[in-house]
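In what follows, a single structure is set out as structure tokens and then discussed.
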Amino acid sequence: MHGMLKRLFIGDLLAREDLVGSQVRVCGWVHNIRDVGRIKFLVLRDRTGFIQAVVKAGEAPEWVVEEASKLKLESVVCVDGVLARGKAKEGVEVKVKSIRILSTPVEPLPLEPDTSTGSILATRLNYRWLDLRNPRVTKVFLLESWVAWQFREYYRSQGFVEIFTPKIVAAGTESGAEVFPVIYFGREAFLAQSPQFYKQFAVIGGLERVFEVGPVFRAEPHHTTRHLTEYHSLDIELGFIEGYEDVMDYVEGFFKEMLGNLQRDPQLKPILEEFNVDILVPKEVPRVSIRDAYKILEEEYGKKIPYGEDLDSEAERLLGDYARKHYDSDLIFVTEYPWKVRPFYTMRKEDEPEWTYGFDLLYKGLEVVTGGQREHRYEVLLDNLKDKGLNPESFKFYLDFFKHGAPPHGGAGMGLERIVMQTLGLDNIREARLLPRDPERVTP
RNA sequence: GCCGCGGUAGUAUAGCCUGGCCUAGUAUGCGGGCCUGUCAAGCCCGUGACCCGGGUUCAAAUCCCGGCCGCGGCGCCA
């Protein structure tokens, strides 16, 4: 091998007209082999694209021809050669002068990356390292990475500070969702079902505006296409708010920024094209109180939700449809959820204590964000706990945060995988997670 | 947690309802062969499967029961 040559991503190579005629090095997986006798066409693939490499008997060295004949699908190789214009799809191809096989499959492929998405999801997940090589699947995770990056960028630009809170916690916390117990040096502890208490802690502690990107764990045995037992939560919390509208403004700000960039950025175009989606950036995200939502559902769709009850998933889908029709928006806030369906730390409406300053954001009819203003007054918090039938003793560590000066604050939690799923129109959230965990699956 | 649907070569499927013609078909992969410009390469040969256990029957991939596994809906949630 020529030690001086530097490996370039295929995508970068294809963008470089000036490299035609010069020596290049391409490394990647053997995506396809078309052996036409004395010419072998190798389609090499890396994260960024495909390129055809040509091994022609008589032109390439004898040993290269021999090595090339040992290649299998998904062998890992580096080839050196001259980048030349050719009849290949990409317009250029590599005339191979030297080849190095770095790895060869030791058994037949259980899944071919090219066609993996035609297999059932369970099989794909069992062999996720092969499935992930399917460019369509790769694109899901390129987008997921990008969304998380956008989240960080946006909130940093708004004066938020990134925090890192414990995932091993003492109390089962907040909303009554089931938690996973862990044995912590002989004591019982739990995997965090949300960073809720600790992001409030950080605001009260004086960081004022914080965000976190981290895993959360739910021991709920859901069998649906939109639940995982482990997922990534994008959390924000901010102090000195006038009302929960401030929180919604920041959530709305992020979605508009993110969707706007997604629509504009030419680098992301291949992802949108692959999944055939158009991005709709709303001028304004509608905000309807849940009591108005009851009316809308009944009057426009004949769907009856008992007054004061939570929305079911059908209701959420219908509201998504409503937002699209009447507001030209894929997003819609539902506000003022009933106190009975919200966790104890939610602030109740001053004038109507059976309703709260809590909201959800629906994205294409699926709940992707939950947020609201939190109760920051110690005594009220105590009353609210009792009202929920909870024992203040078990929340002492949390209540103590509020004893020494806590500003009015609020925040929100967003499901990263759900955002990606809804953006690309995936039909199962497991597709939006590299290695999903559900009630039946803990491997690979 | 409750309720439905399903399990055939490595992968994806046909066959199952209406049991026998199934020595289980097809595509792709895999192994071998031919081919000097392929690009879903092509052609020839080969390889390989009825989830497990029990039952009904002259006869079970096919019907029945149990188990295991998978998928989905609901509740709930991000």
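Letters go in sequence order (proteins before strands), and every chain restarts at 1.
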Which whole number of Å gives the distance between the P atom of B:A12 and that of B:G29?
15 Å
Does the base of B:G75 carry an N or O that pairs as donor and acceptor with the side chain of A:His222 under 3.5 Å?
yes
Answer with base, sugar-phosphate or nothing: what part of the nucleic acid does A:Val369 contact at a heavy-atom distance below 4.0 Å?
sugar-phosphate
What nucleotide, of B:G72, B:U38, B:C76, holds the atom closest to the side chain of A:His227?
B:C76
A:Phe333 ring centre to A:Arg287 NZ or CZ under 6.0 Å, with the angle to the axis within 45°?
yes
Does A:Arg38 contact B:C34 through a side-chain donor or acceptor facing the base, at a distance under 3.5 Å?
no
Using heavy-atom distances to pick each residue's nearest nucleotide on RNA chain B, tell me which of A:Asp438 and A:Asp310 is more 5'.
A:Asp438
Who pairs with B:C30 - Watson-Crick or G-U, where each distance is under 3.5 Å:
B:G46
Using a 4.0 Å heavy-atom cut-off, does A:Ser233 contact any base of the nucleic acid, only the sugar-phosphate backbone, or nothing at all?
nothing
Could you give the CD-to-C1' distance, from A:Gln196 to B:A78, as a whole number of Å?
13 Å
Reckon A:Asn32 has a side-chain N or O less than 4.0 Å from the OP1 or OP2 of B:A41?
yes
Please check the phosphate of B:G37 (OP1 and OP2 only) for any side-chain N or O of A:Arg85 closer than 4.0 Å.
no
Lys/Arg cation over aromatic A:Tyr307: A:Arg291, 6.0 Å, 45° cone:
no
Could you tell me the separation between the CG atom of A:Leu73 and the P atom of B:G10, rounded to a whole number of Å?
18 Å
Nucleotide paired to B:G6 in any strand shown, Watson-Crick or G-U, under 3.5 Å:
B:C69
Could you measure between the two P atoms, the one in B:C39 and the one in B:U23, and give it in whole Å?
39 Å
For B:U56, the Watson-Crick or wobble partner whose two distances fall under 3.5 Å:
none
So which of A:Arg433, A:His222, A:Arg430 actually passes side-chain hydrogen bond (donor to acceptor under 3.5 Å, both in side chains) with A:Asp438?
A:Arg430
Taking the six-membered ring for Trp, are A:Trp129 and A:Tyr127 closer than 6.0 Å centroid to centroid?
yes
Quiz question: going by heavy-atom distance under 3.5 Å, is there a donor-acceptor pair between the base of B:G1 and the side chain of A:Glu220?
no
Under 4.0 angstrom, heavy atoms only, what part of the nucleic acid is A:Thr225 near: base, sugar-phosphate, or nothing?
sugar-phosphate
Among B:C30, B:A12, B:U36, which nucleotide sits nearest the side chain of A:Lys56?
B:U36
Establish, with yes or no, whether the OP1 or OP2 oxygen of B:G72 is under 4.0 angstrom from a side-chain nitrogen or oxygen of A:Arg430.
yes
So A:Asn428, base contact, sugar-phosphate only, or nothing? Heavy-atom distance under 4.0 Å.
sugar-phosphate
Can you tell me the distance, in whole Å, between the CD atom of A:Glu237 and the P atom of B:A78?
14 Å
Just the rounded figure in Å: distance from C1' of B:C39 to CG of A:Asp114.
12 Å
Taking atom P in both B:G25 and B:G20, compute the distance separating them and give it to the nearest angstrom.
16 Å
Does B:C74 have OP1 or OP2 under 4.0 Å away from a side-chain N or O of A:Ser313?
yes
Examine A:Phe201 together with A:Phe197 and report whether their ring centres are nearer than 6.0 Å.
no
Verdict with reasoning, A:Leu424 to A:Glu431, per side chain to side chain contact (heavy atoms under 4.5 Å, CB included)
CA-CA 10 Å; A:Leu424 296 181; A:Glu431 301 224 33; over 6 Å; no
Specify the separation, in whole Å, of atom CG of A:Leu311 and atom P of B:A78.
13 Å
On a whole-Å scale, what distance lies between the P atoms belonging to B:C64 and B:G6?
10 Å
Any base atoms under 4.0 Å from A:Glu93, or only sugar-phosphate, or nothing? Heavy atoms, all strands.
base
Classify the nucleic acid contact of A:Pro221 as base, sugar-phosphate or nothing, counting any heavy atom under 4.0 Å across all strands shown.
base
Using a heavy-atom cut-off of under 4.0 Å over every strand shown, decide if A:Lys72 touches base, sugar-phosphate, or nothing.
sugar-phosphate
Sugar-phosphate only, base, or nothing, as touched by A:Asp35 at under 4.0 Å among non-hydrogen atoms:
base
A:Arg342 side chain near B:C76 phosphate (N/O to OP1/OP2, under 4.0 Å)
no
State whether A:Trp339 and A:Lys388 meet the cation-pi test: NZ (Lys) or CZ (Arg) under 6.0 Å from the six-membered ring centroid, and within 45° of the perpendicular axis.
yes
For A:Phe9, is the NZ or CZ atom of A:Arg47 found under 6.0 angstrom from the centre of its six-membered ring and inside 45 degrees of the ring axis?
yes
Side-chain N or O of A:Arg34 less than 4.0 angstrom from OP1 or OP2 on B:A41?
yes
Counting any heavy atom closer than 4.0 Å, what does A:Val36 reach on the DNA or RNA strands: base, sugar-phosphate only, or nothing?
base
Quick one: label A:Ile120 by what it contacts on the DNA or RNA (base, sugar-phosphate, nothing), any heavy atom closer than 4.0 Å.
sugar-phosphate
With a non-hydrogen cut-off below 4.0 angstrom, is A:Glu316 in contact with a base, only sugar-phosphate, or nothing?
base
Roughly how far apart, to the nearest Å, are B:G19 and B:G66 at atom P?
22 Å
Describe the nucleic acid contact of A:Glu440 in one word from base, sugar-phosphate, nothing, applying a heavy-atom distance below 4.0 Å.
sugar-phosphate
Sorted by position of nearest nucleotide on RNA chain B, 5' first, the leading residue of A:Asp360 and A:Arg441 is A:Arg441
Should A:Thr115 be listed as having a side-chain N or O under 4.0 Å from OP1 or OP2 of B:U28?
no
Taking the six-membered ring for Trp, is the centroid-to-centroid distance between A:Phe254 and A:Phe160 below 6.0 Å?
no
How far does the P atom of B:C63 sit from the matching atom of B:C21, given to the nearest Å?
16 Å
Using the P atom as the reference point in each nucleotide, state the distance between B:C52 and B:U18 in Å, no decimals.
24 Å
Would you mind pulling out the nucleotide paired to B:A78, Watson-Crick or G-U wobble, both distances under 3.5 Å?
none
Nearest-Å distance once atom C1' is located in both B:C2 and B:U62:
31 Å
For B:G72, take OP1 and OP2 only and decide whether either is under 4.0 Å from a side-chain N or O of A:Thr224.
no
B:C17: pairing nucleotide in any strand, Watson-Crick or G-U under 3.5 angstrom
none
Kindly confirm whether the side-chain ring of A:Phe41 is stacked on the base of B:G37, judged by centres under 5.5 Å and planes under 30°.
no
Looking at the base of B:G37, is there any donor atom on it, or on the side chain of A:Lys89, that sits under 3.5 Å from an acceptor on the other one?
no
